[in-house]
Enquirer: 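This is the structure, below, for whatever I ask next.
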Amino acid sequence: MLTPEEALLQLGKALRRANYQFVTVTPLTHGRILARRPTKKNMTLRDVFGWNRPFALEDLPSRVRSLARAAGVLRRHGNKHQCTVRFSTVDQGIFVHSGYPTSDQDSVFFGPDTYRFCALIGQHMGDNIDTVLDIGCGSGAGGLVTTLFSARSPSVVVLADINEQALRFAKINAQLNAPLVNTHLVKSDICNNVRSRFDLIVSNPPYLIDSQKRVYRDGGELGIDLAERIVRQGINRLSPKGKLVLYSGSPIMDGKDILLSRLNKLFKKRDDLHFRYSELDPDIFGEELEQETYQDVERIAAIGCVVRQS
């Protein structure tokens, strides 16, 4: 008999064999799609495992239905069922993560930020990257896509997160996407439990101010405290010529990028590092500005930061 984790892994493999593809959208877009009046009776794999729509068990192929049951990812929804996880695809990869809506304290988020993050990593991959660390790995997508973007895959990938649920999903995603790579799962607050140095460190930390302090969403003071801490600790874990790639968000106040201001102060003291910072999207999560905590913020920008050890 399969364990729930083994069944979830086999479910991901079954979806891949069925040529499953799904791009996960923002929560607001997801909600708008679900609010539409249904136009079809039979649910597809994308409806069930991507959109998390309620479905009848007979809508699923028997093997997929058995695996979903064994994985414990089905719950009753009136006279139907609903899946409690989602599967998203990036390039040739498939990743399991939390179902919609991601409202639990230990939710593992996946969405447009993940795609921008992976694209940023792809721009900075090189052939000499042997060891990779993904800080705050969540689903593990950032660390694991490094094995998909390069002809020469890294030999070691460390996926670190403080969230047990994230590590559970990341372990399954590592087996789905990089079964031949030496992957380590580490429970760690940033680099506290990580001892090695790495050719590439990647991170896509939460960067919003969340009143509920949800792990996957709250970035601390002004939403940028966590990102700053990751850079400060991460640069000390780089191998010679190593790179740190950070994808995050920053509040813009009176035209000033607050995270950039903080990092500029840090890098003025480090002439051994090359620092590049760019604004990738000028306006994301605009709905957050309606909250009192953002009363002095005019916009939230998606940013990319790349630091290279000389």
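Basis for what follows: all heavy atoms, side chains included, without hydrogens, waters or symmetry-related copies.
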Enquirer: Determine the minimum heavy-atom distance between Leu57 and Arg69, stating which atoms define it.
Expert: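 Between these two residues, the closest heavy atoms are CD1-NH2, 3.1 Å.
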
Enquirer: Kindly indicate, with the supporting measurements, whether the criterion salt bridge (charged side-chain N to carboxylate O under 4.0 Å, His left out) is fulfilled by Glu288 and Arg299.
Expert: CA-CA 9 Å; Glu288 297 295 318; Arg299 59 187 176 93; over 6 Å; no

Enquirer: In plain terms, say whether Lys243 and Asp199 are close enough for a salt bridge, that is, a side-chain N and a carboxylate O under 4.0 Å apart.
Expert: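 Salt bridge between Lys243 and Asp199, a charged N being under 4.0 Å from a carboxylate O: no.
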
Enquirer: I'd like to know if the side chain of Asp161 and the backbone of Asn163 have a donor-acceptor N/O pair within less than 3.5 Å.
Expert: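 Judged by distance alone, yes, a pair lies under 3.5 Å.
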
Enquirer: To the nearest 0.5 Å, what is the distance between CG on Asp47 and CZ on Arg53?
Expert: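 Taking CG in Asp47 and CZ in Arg53, the distance rounds to 5.0 Å.
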
Enquirer: In a check of side-chain contact (heavy atoms from CB on, under 4.5 Å) between Val96 and each of Val108, Leu9, Leu8, which one passes?
Expert: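 Result for side-chain contact (heavy atoms from CB on, under 4.5 Å) with Val96: Leu8.
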
Enquirer: So if you build clusters from Ile, Leu, Val, Met, Phe, Trp, Tyr with side-chain heavy-atom gaps below 4.5 Å, do Val25 and Leu280 land together?
Expert: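 Unlinked, Val25 and Leu280 end up in two clusters.
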
Enquirer: Provide the closest heavy-atom pair for Phe117 versus Val245 in the form atom of the first, atom of the second, distance.
Expert: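 So the minimum-distance heavy-atom pair works out to CE1-O, 4.3 Å.
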
Enquirer: With distance as the sole criterion, is a donor-acceptor pair present between the side chains of Arg116 and Tyr247 under 3.5 Å?
Expert: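 The criterion, which ignores hydrogens and geometry beyond distance, is satisfied for Tyr247 and Arg116.
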
Enquirer: Could you walk me through whether Ile252 and Ile258 satisfy the side-chain contact (heavy atoms from CB on, under 4.5 Å) test, starting with their C-alpha distance in whole Å, then the side-chain angles of each, then the deciding distance to 0.1 Å, before giving a yes or no?
Expert: CA-CA 6 Å; Ile252 310 300; Ile258 305 304; over 6 Å; no

Enquirer: Give the intermediate values and the outcome of side-chain contact (heavy atoms from CB on, under 4.5 Å) for residues Leu34 and Asn52.
Expert: CA-CA 9 Å; Leu34 294 186; Asn52 286 161; 5.7 Å; no

Enquirer: Any side-chain donor paired with an acceptor under 3.5 Å for Thr24 and Ser88?
Expert: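 Yes, a side-chain donor-acceptor pair sits under 3.5 Å.
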
Enquirer: Main chain of Ala160, side chain of Ser188: is a donor-acceptor contact present, judged purely on distance under 3.5 Å?
Expert: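 Side chain of Ser188 to backbone of Ala160: no pair is present.
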
Enquirer: If the threshold is 4.0 Å, N to carboxylate O, is there a salt bridge linking Glu5 and Arg168?
Expert: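 Yes, Glu5 and Arg168 are salt-bridged.
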
Enquirer: Side-chain contact, heavy-atom cut-off 4.5 Å: Ile209 with Gln291?
Expert: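 No; the side chains remain at least 4.5 Å from each other.
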
Enquirer: Measure the CG-CD1 distance between Leu208 and Ile224 for me, rounded to the nearest 0.5 Å.
Expert: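 The distance works out to 12.5 Å.
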
Enquirer: At their closest point, which heavy atom of Ala7 faces which heavy atom of Leu67, and how far apart are they?
Expert: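 Closest pair (atom of Ala7, atom of Leu67, distance): CB-O, 3.7 Å.
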
Enquirer: I need the Cys137 SG to Asn173 CG distance, nearest 0.5 Å.
Expert: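 Interatomic distance, Cys137 SG to Asn173 CG, rounded to 0.5 Å: 9.5 Å.
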
Enquirer: What do you reckon, is CG of Asn236 surrounded by more than 12 foreign heavy atoms closer than 6.0 Å?
Expert: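 Atom CG in Asn236 is crowded, with more than 12 foreign heavy atoms closer than 6.0 Å.
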
Enquirer: Keeping the roles fixed (side chain from Arg86, backbone from Cys83), state whether a donor-acceptor pair exists under 3.5 Å.
Expert: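 Here the side-chain-to-backbone pair does not exist.
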
Enquirer: For the atom pair NZ (Lys265) and NZ (Lys268), what is the distance rounded to the nearest 0.5 Å?
Expert: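 So the NZ of Lys265 and the NZ of Lys268 are separated by 8.5 Å.
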
Enquirer: Would you find a donor on one side and an acceptor on the other, under 3.5 Å apart, between the side chain of Ser66 and the backbone of Ser62?
Expert: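 At least one qualifying donor-acceptor pair exists.
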
Enquirer: Search all heavy atoms of Ser248 against all heavy atoms of Tyr207 and return the closest pair with its distance.
Expert: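 Heavy atoms only, the tightest pair is OG-CB, 3.5 Å.
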
Enquirer: Please confirm whether the backbone N or O of Asp106 pairs with a side-chain atom of Asp104, one donor and one acceptor, at under 3.5 Å?
Expert: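 No.
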
Enquirer: Please determine whether the number of non-hydrogen atoms from other residues, nucleotides or ligands lying under 6.0 Å from atom CZ of Arg76 exceeds 12.
Expert: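 Check passes, neighbour count above 12.
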
Enquirer: Treat each ILVMFWY residue as a node, draw an edge where side-chain heavy atoms are under 4.5 Å apart, and state whether Phe110 and Tyr100 are in one component.
Expert: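 Hydrophobic grouping puts Phe110 apart from Tyr100.
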
Enquirer: Does one side chain, of Ser155 or Asn182, offer a donor that lies under 3.5 Å from an acceptor on the other?
Expert: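 There is no such pair between these side chains.
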
Enquirer: Contact between Ile303 and Leu259 at the side-chain level, heavy atoms closer than 4.5 Å - yes or no?
Expert: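 Answer yes - side chains close enough.
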
Enquirer: Would a distance-only check, ignoring hydrogens and angles, find a side-chain to backbone donor-acceptor pair under 3.5 Å from Arg237 to Cys191?
Expert: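 It does hold such a pair.
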
Enquirer: Take Ile135 and Ile201 through the side-chain contact (heavy atoms from CB on, under 4.5 Å) test and state the conclusion after the steps.
Expert: CA-CA 7 Å; Ile135 299 175; Ile201 297 175; 3.6 Å; yes

Enquirer: Could you tell me if the side chain of His81 sits less than 4.5 Å from the side chain of Pro54, heavy atoms only?
Expert: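 The answer is no, as the side chains (C-beta and beyond) never meet within the 4.5 Å cut-off.
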
Enquirer: Determine, using the 4.5 Å side-chain heavy-atom cutoff (strictly less than), whether Leu200 and Leu185 are members of one ILVMFWY cluster.
Expert: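 Yes, same cluster.
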
Enquirer: Looking only at atom types and distance, does a side-chain atom of Asp130 sit under 3.5 Å from a main-chain N or O of Pro154, one as donor and one as acceptor?
Expert: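 Pair absent, no side-chain N/O of Asp130 close to backbone of Pro154.
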
Enquirer: Starting at CG of Leu28, measure out to CZ of Phe285 and round the result to the nearest 0.5 Å.
Expert: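 Reported value, rounded in 0.5 Å steps: 8.5 Å.
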
Enquirer: Return yes if some donor-acceptor pair links the side-chain N/O of Ser139 with the main-chain N/O of Phe95 below 3.5 Å, else return no.
Expert: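 Absent.
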
Enquirer: Between Leu167 and Leu159, which heavy-atom pair has the shortest distance, and what is it?
Expert: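 Reported closest heavy-atom pair: CD2-O, 3.8 Å.
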
Enquirer: With no hydrogens and no angle check, do the side chains of Ser250 and Asp257 hold a donor and an acceptor under 3.5 Å apart?
Expert: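 Note: Ser250 and Asp257 side chains meet the donor-acceptor criterion.
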
Enquirer: Going hydrophobic residue to hydrophobic residue with side-chain gaps under 4.5 angstrom, can you get from Ile172 over to Val186?
Expert: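 No: no chain of side-chain contacts under 4.5 Å links Ile172 to Val186.
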
Enquirer: Could you walk me through whether Asp272 and Arg270 pass the salt bridge (charged side-chain N to carboxylate O under 4.0 Å, His left out) test, one step at a time?
Expert: CA-CA 5 Å; Asp272 60 324; Arg270 296 290 299 263; 3.0 Å; yes

Enquirer: Mind listing the side-chain donor-acceptor pairs of residues 10-23 below 3.5 Å, one per line with the distance, residues two or more places apart or on another chain?
Expert:
unit_1: Arg16; atom_1: NH1; unit_2: Leu176; atom_2: O; d: 2.8
unit_1: Arg16; atom_1: NH2; unit_2: Asn177; atom_2: OD1; d: 3.0
unit_1: Tyr20; atom_1: OH; unit_2: Phe49; atom_2: O; d: 3.2
unit_1: Tyr20; atom_1: OH; unit_2: Gly50; atom_2: N; d: 3.3
unit_1: Tyr20; atom_1: OH; unit_2: Phe87; atom_2: O; d: 2.7
unit_1: Gln21; atom_1: OE1; unit_2: Thr89; atom_2: OG1; d: 3.4

Enquirer: Checking side-chain contact (heavy atoms from CB on, under 4.5 Å) between Pro205 and each of Asp218, Asp225, Leu246, Ile190, which is the one that passes?
Expert: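 The residue from Asp218, Asp225, Leu246, Ile190 that satisfies side-chain contact (heavy atoms from CB on, under 4.5 Å) with Pro205 turns out to be Leu246.
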
Enquirer: Does the pair Arg65 and Asp59 meet the rule for a salt bridge (charged side-chain N to carboxylate O under 4.0 Å, His left out), with working shown?
Expert: CA-CA 9 Å; Arg65 182 169 64 243; Asp59 288 332; over 6 Å; no

Enquirer: Does Leu133 reach the side chain of Val202, with side-chain heavy atoms less than 4.5 Å apart?
Expert: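 Sidechains of Val202 and Leu133: no contact.
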
Enquirer: Would you check if there is a donor-acceptor pair between the side chains of Ser261 and Asn264 at a distance under 3.5 Å?
Expert: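 There is no such pair between these side chains.
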
Enquirer: Hey, is the main chain of Thr102 close enough, under 3.5 Å, to the side chain of Ser98 for a donor-acceptor pair?
Expert: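 No, because the side chain of Ser98 does not come within donor-acceptor range (under 3.5 Å) of the backbone of Thr102.
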
Enquirer: Hey, are Lys256 and Glu298 close enough for a salt bridge, meaning a charged N less than 4.0 Å from a carboxylate O?
Expert: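 Between Glu298 and Lys256 there is no salt bridge, as every charged N stays at least 4.0 Å from the carboxylate O atoms.
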
Enquirer: Does the side-chain contact (heavy atoms from CB on, under 4.5 Å) test come out yes or no for Phe198 and Leu238, once each step is laid out?
Expert: CA-CA 5 Å; Phe198 299 87; Leu238 290 174; 5.7 Å; no

Enquirer: Roughly how far, to the nearest 0.5 Å, is CD of Glu6 from CE of Met1?
Expert: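 Those atoms lie 11.5 Å apart.
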
Enquirer: Between Leu226 and Ile162, is there shared hydrophobic-cluster membership here, with clusters defined by ILVMFWY side-chain heavy atoms closer than 4.5 Å?
Expert: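 Unlinked, Leu226 and Ile162 end up in two clusters.
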
Enquirer: Under 6.0 Å from the CZ atom of Arg63, do we count more than 12 heavy atoms belonging to anything else shown?
Expert: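 Atom CZ in Arg63 is not crowded, with 12 or fewer foreign heavy atoms closer than 6.0 Å.
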
Enquirer: For Val307 and Cys305, which heavy atoms make the closest approach, and how far apart are they?
Expert: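 Closest approach of Val307 to Cys305, heavy atoms only: CG2-SG, 3.9 Å.
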
Enquirer: Going through the checks in order, is the ring pair (Phe, Tyr, Trp, His ring centres under 6.0 Å) test met by Phe169 and His97?
Expert: CA-CA 6 Å; Phe169 284 141; His97 55 97; 7.7 Å; no

